[in-house]
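A note on names: the letters A, B, ... follow the listed sequences, proteins ahead of strands, and every chain is numbered from 1.
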Number of protein chains: 2
Amino acid sequence: MKTLKIPEATIIRLSVYSRHLTDVDRKGIITTSSGEIADGVGVSPAQVRKDLAYFGEFGTRGVGYNVKDLRQHIMRILGLGVEWSVTLVGVGNLGLALSTYKGFRDRGFVITSIFDADPKKIGTKIEGVEVLPIEQLETVVKQNNTQIGIVAVPASVAQETVDKLIKSGVSAILNFAPIVLNVPPEIELRNVDLAVNLEVLTFNVCGQRCY
Amino acid sequence: MKTLKIPEATIIRLSVYSRHLTDVDRKGIITTSSGEIADGVGVSPAQVRKDLAYFGEFGTRGVGYNVKDLRQHIMRILGLGVEWSVTLVGVGNLGLALSTYKGFRDRGFVITSIFDADPKKIGTKIEGVEVLPIEQLETVVKQNNTQIGIVAVPASVAQETVDKLIKSGVSAILNFAPIVLNVPPEIELRNVDLAVNLEVLTFNVCGQRCY
DNA sequence: TTTGGATAGTGCTATAATTAACATACCTTA
DNA sequence: TAAGGTATGTTAATTATAGCACTATCCAAA
């Protein structure tokens, strides 16, 4: 298999396709087509085929795709064949919401440890997982061989938090703090900035006329 | 001012620039340059200049940019000169987290109404705002002339929720439900899918070798 | 067995976005 | 007042992404 660069947009769409296929499969549908998938997720049929073509041939010409098969393939491509151990740092309102978010476990992401700096929160249990003091982060994350860290701490301590996570051996970080983080290139980092999302909306609502 | 199409990536970066400039301004720094901004947010200087060039000339050749000025300009561009009335639908853990998120108010987004379907939650107050029954959504949102809706309900009721929001006159929607929504083209819609973000990470961690 | 309809896979074209290079303008200093 | 240094604004080139059209393949029905 060639290792040509895959656009990130393609990965995002694959993730959406797989979710769509899960729904379709649940309805008992056996076969689908690029056109149906396209309708279901709001892209063009050509785009669907193009995205899949990066990874191989999963359909049958003249027929379409087997729903279960294609779903399974995409899950594999996305690395969702196995369970992922996730650690969550920061148990504010957002951290609490993330720790109880059903969508994670459904897709194989299991929160195996939770940390916070606030003494009042330490020792409490969230969905069966005890909140530990931040000082134990390195030991526990190493022990569990956790690969993914979620950062839901205030911006002021976000950089030191990711530094700790990286020292502990995680290779991917999902950051919710509204700040630009410095990480070495081998660490995968994604930022979810809630305010930025609203600001893209306001720009578009202004019809790009405000300025 | 010409109305050429602005890339969405540019808007996202502008939002990040403005946040960066707020920090820089707070440090008492008067003047900055495209290079410094680039360093601060992790893009190239040319990118910074290009992004700004879509909207006008905000700097002085040979000198750089006045921090306060440039920040003000970008805020204007993003439509952040005024306060935005926002309504929140769904008071699960995520909705609760969003309703108390400081980053929104800081940037001029004020949650003026909150709705939920669960009778037990109705009447409770969150940050001084009373949770109202979903049946009152249309009336209240119209009354307040609210422009932005945040959807934090389960996927199964997300489509009917946005339908209600649109009937009530909102023009922009930020959706957290993991489902593809149908909205008319004049409505601005952005999706924040938490699981998708993790899946992009796992794909990259797998080094694109898993498949 | 052959033909028609349908749909995946693929190469090419066009569009968009990023990067790089250059010319312009401003401030400072001698 | 003139010259040098510096950083912007802008144009050109490169790269990346999406869209389209065509070809190959399969199934079903006559």
Side-chain angles (χ1 to χ4, degrees), chain A residues 1-17 20-21 24 29-71 73-74 77 200 203-204 208 211, chain B residues 1-17 21 24 29-67 69-71 73-74 77 200 203-204 208 211:
Chain A
M1 177 87 39
K2 297 182 292 281
T3 294
L4 47 148
K5 222 188 110 291
I6 316 284
E8 178 167 299
T10 291
I11 306 305
I12 293 172
R13 282 190 299 265
L14 282 179
S15 175
V16 176
Y17 300 160
H20 170 77
L21 289 170
V24 170
I29 295 167
I30 305 297
T31 303
T32 189
S33 67
S34 60
E36 283 179 0
I37 296 172
D39 284 347
V41 306
V43 302
S44 72
Q47 184 76 77
V48 174
R49 294 199 298 274
K50 200 85 186 291
D51 287 335
L52 295 172
Y54 281 111
F55 301 97
E57 306 189 3
F58 307 113
T60 313
R61 300 181 186 203
V63 181
Y65 303 92
N66 177 282
V67 173
K68 274 194 204 310
D69 255 30
L70 183 58
R71 177 175 174 282
H73 273 298
I74 298 179
I77 291 167
V200 174
F203 172 79
N204 286 318
Q208 317 183 6
Y211 52 94
Chain B
M1 179 91 35
K2 296 183 292 280
T3 293
L4 46 148
K5 223 187 110 290
I6 316 284
E8 176 168 300
T10 291
I11 306 307
I12 293 173
R13 282 191 298 266
L14 283 178
S15 175
V16 176
Y17 300 161
L21 289 170
V24 170
I29 296 167
I30 306 297
T31 303
T32 188
S33 67
S34 59
E36 283 179 359
I37 296 171
D39 284 348
V41 307
V43 302
S44 72
Q47 184 77 81
V48 174
R49 294 199 299 274
K50 194 82 194 288
D51 286 336
L52 295 172
Y54 282 109
F55 302 96
E57 308 188 3
F58 307 113
T60 314
R61 302 184 185 199
V63 181
Y65 303 93
N66 178 282
V67 173
D69 253 32
L70 183 58
R71 177 175 173 283
H73 273 298
I74 297 179
I77 291 168
V200 174
F203 173 79
N204 286 319
Q208 317 184 5
Y211 53 95

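An OP1 or OP2 oxygen of dT23(D) is reached within less than 4.0 angstrom by no side-chain nitrogen or oxygen of R49(A). Remark: Y65(A) is not in phosphate contact with dA6(C), judged by side-chain N or O atoms under 4.0 Å from OP1 or OP2. Phosphate proximity of dG19(D) to S44(A): present, with a side-chain N or O under 4.0 Å from OP1 or OP2.
Look at NZ on K5(A): it is 10 Å from P on dA18(D), rounded to the nearest Å. Atom CZ in F55(A) sits about 13 Å away from atom P in dG9(C), given to the nearest Å. Spacing between atom CG of N66(A) and atom P of dA8(C) amounts to 13 Å, rounded to whole angstrom units. Atom CD1 of I12(B) is separated from atom C1' of dT18(C) by 15 Å (rounded to the nearest Å). Look at CG on D51(B): it is 14 Å from C1' on dT10(D), rounded to the nearest Å. For Q47(A) and dG9(C), the CD to P distance is 15 Å, given to the nearest whole Å. Counting to the nearest Å, the P atom of dA24(D) and the CD atom of E57(A) are 14 Å from each other. Atom OH of Y54(A) is separated from atom P of dA16(D) by 11 Å (rounded to the nearest Å).
With hydrogens and angles ignored, no donor-acceptor pair closer than 3.5 Å exists between the side chain of K50(A) and the base of dG9(C). A donor-acceptor contact under 3.5 Å is not formed by the side chain of R61(B) with the base of dG9(D).
Take the nearest nucleotide of DNA chain D for T60(A) and for E8(A): the residue whose nucleotide is more 5' is E8(A).
Across F203(A) and I77(B), no two heavy atoms sit closer than the pair CD1-O, 3.2 Å. Heavy-atom minimum distance, Y65(A) versus R49(A): OH-CG, 3.9 Å.
Residue T10(B) holds its OG1 atom at 9.0 Å from NZ of K5(B), rounded to the nearest 0.5 Å. How far NZ of K50(B) is from OG of S34(B): 14.0 Å, rounded to the nearest 0.5 Å.
Here the side chain of T60(B) pairs no donor or acceptor atom with the backbone of V63(B) at under 3.5 angstrom.
Among the atoms of the strands shown, only primed sugar atoms or phosphate atoms (P, OP1, OP2) are found under 4.0 Å from some heavy atom of S34(B).
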